[in-house]
Protein chains: 2
Amino acid sequence: MPHPLLYDRLLARGWRMTAQRRAVAQALVGDHVHLTADEVFREAQAALPEISLATVYNTLNDLVGMGEVREVSYDRGPMRYEPNGPRPHDHLVCVECGEIWDIELAGPVAELPEPQRRGYELLGVEVVFRGRCPRCAAR
Amino acid sequence: MPHPLLYDRLLARGWRMTAQRRAVAQALVGDHVHLTADEVFREAQAALPEISLATVYNTLNDLVGMGEVREVSYDRGPMRYEPNGPRPHDHLVCVECGEIWDIELAGPVAELPEPQRRGYELLGVEVVFRGRCPRCAAR
DNA sequence: ATATTTGCAAAGTGTTTGCACGTAA
DNA sequence: TTACGTGCAAACACTTTGCAAATAT
């Protein structure tokens, strides 16, 4: 099995396993993986030609619902999906081509001062660095 | 004129002024304003009933192109548009209803360590706090 | 055996575009 | 006067959904 950890987690949750779901989960293994639904579809098709795009969407939404996959979307364009690893991380995004890298910052990043909390129950902080990747800067 | 600064900036740029553009620009004045295109449309209609949604989109995109308006989009849902004020700011977002508040953090927020820069020319950092607003927490 | 998942096609959002008409400069 | 903005409707890109057939448990 190429991704025993994820695969086992899914089974342990009692997730009914099918070839389609395996193909989708397989496409989302790795670091710096931030695929659009269509890219996942094409990767999954390589392993299972008869899979449909609707099933890819259904499966991605299930995985997001269980917290195994995280959705990210910066600027325009389709939603991107990434495996939700054990350590939280932030992102570096190219404003021109949309390329995304995972980054890990050292300490706690920022505190939101009480007067600006508006009574919110805080759930998380995300930091997004934007820039131009070397490839885009060269053009 | 209810927003002389923005209005003057637009004229100074040689922007051809029309009733429609005035109505759109007017909808985007204020603090904590983060409107969808449709909300801008409805506000603009109040001042100018014959304005069309296509024109609202065209105008918003023009304003974004000139840097007078900033697009923000967190999680699902349509793009939101906010006036691009003189001070950069970050956001506090309700994960349930999508409400957005502007926040201003004290110091520079985070440095991206060199080994994680990937050769990018850095252009900006954004911090997004997520939480549940008091209204959603109550339900 | 049966509750769940799949694939298809159709519908749903949100946004952009082509073109004839209107209007600011 | 004319280059540019507008409105309409149609097209577009992305995502979700209804339902009959297929399948994991």
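Quick note on labels: first sequence line is chain A, next is B, and so on, each numbered from 1. Computed from heavy atoms alone, side chains included, the values below leave out hydrogens, waters and symmetry copies.
Atom CG in B:Asn61 sits about 13 Å away from atom P in D:dT6, given to the nearest Å. Regarding B:Arg16, its CZ atom lies at a distance of 8 Å from the C1' atom of D:dT2, rounded to whole Å. Between B:Tyr57 atom OH and D:dA11 atom C1' there is a gap of 15 Å when expressed in whole angstrom units. The nearest whole Å value for the distance from the CG atom in A:Asp38 to the P atom in D:dA13 is 12 Å. We find that CZ of B:Arg22 is positioned 14 Å from P of D:dG5, with the value rounded to whole Å.
Nearest heavy atom pair, residue A:Arg117 against residue B:Leu92, reads O-CD2, 3.7 Å. The shortest heavy-atom contact between B:Asp102 and A:Gln116 is O-OE1, 4.3 Å. The two residues B:Ile51 and B:Ala44 come nearest to each other via the heavy atoms CD1-CB, 4.0 Å.
Phosphate contact (OP1/OP2 of D:dG7, side-chain N/O of B:Thr55, threshold under 4.0 Å): present. Regarding contacts with the backbone of D:dT6, a side-chain N or O of B:Thr18 is found under 4.0 angstrom from either OP1 or OP2. Contact annotation: B:Arg21 reaches the phosphate of D:dG5 (side-chain N/O to OP1 or OP2, under 4.0 Å).
Mapping B:Asn58 and A:Leu53 onto DNA chain C by nearest heavy atom places A:Leu53 closer to the 5' end of the strand. Heavy-atom nearest nucleotides on DNA chain D were determined for B:Arg76 and for B:Ile51, and the one closer to the 5' end corresponds to B:Ile51. Where A:Trp15 and B:Met79 each meet DNA chain C at their nearest nucleotide, the meeting point lying more 5' is that of A:Trp15.
A 4.0 Å heavy-atom criterion places the boundary nucleotides of DNA chain C facing chain B at C:dG14 to C:dA25, written 5' to 3'.
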Exercise for the section: Assess whether salt bridge (charged side-chain N to carboxylate O under 4.0 Å, His left out) is satisfied between B:Arg13 and B:Glu68, documenting all intermediate values. Expected result: CA-CA 11 Å; B:Arg13 286 168 181 276; B:Glu68 292 290 351; 3.2 Å; yes
Handout entry: Audit row: A:Met17, A:Tyr7, side-chain contact (heavy atoms from CB on, under 4.5 Å) steps and yes/no
Key = CA-CA 9 Å; A:Met17 192 48 67; A:Tyr7 187 82; 4.0 Å; yes
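Between A:His91 and A:His89, the two ring planes are perpendicular [angle over 60°; tilted spans 30° to 60°].
The existence of a salt bridge linking A:Arg135 and A:Glu96 is excluded, since no basic side-chain nitrogen approaches an acidic carboxylate oxygen closer than 4.0 Å.
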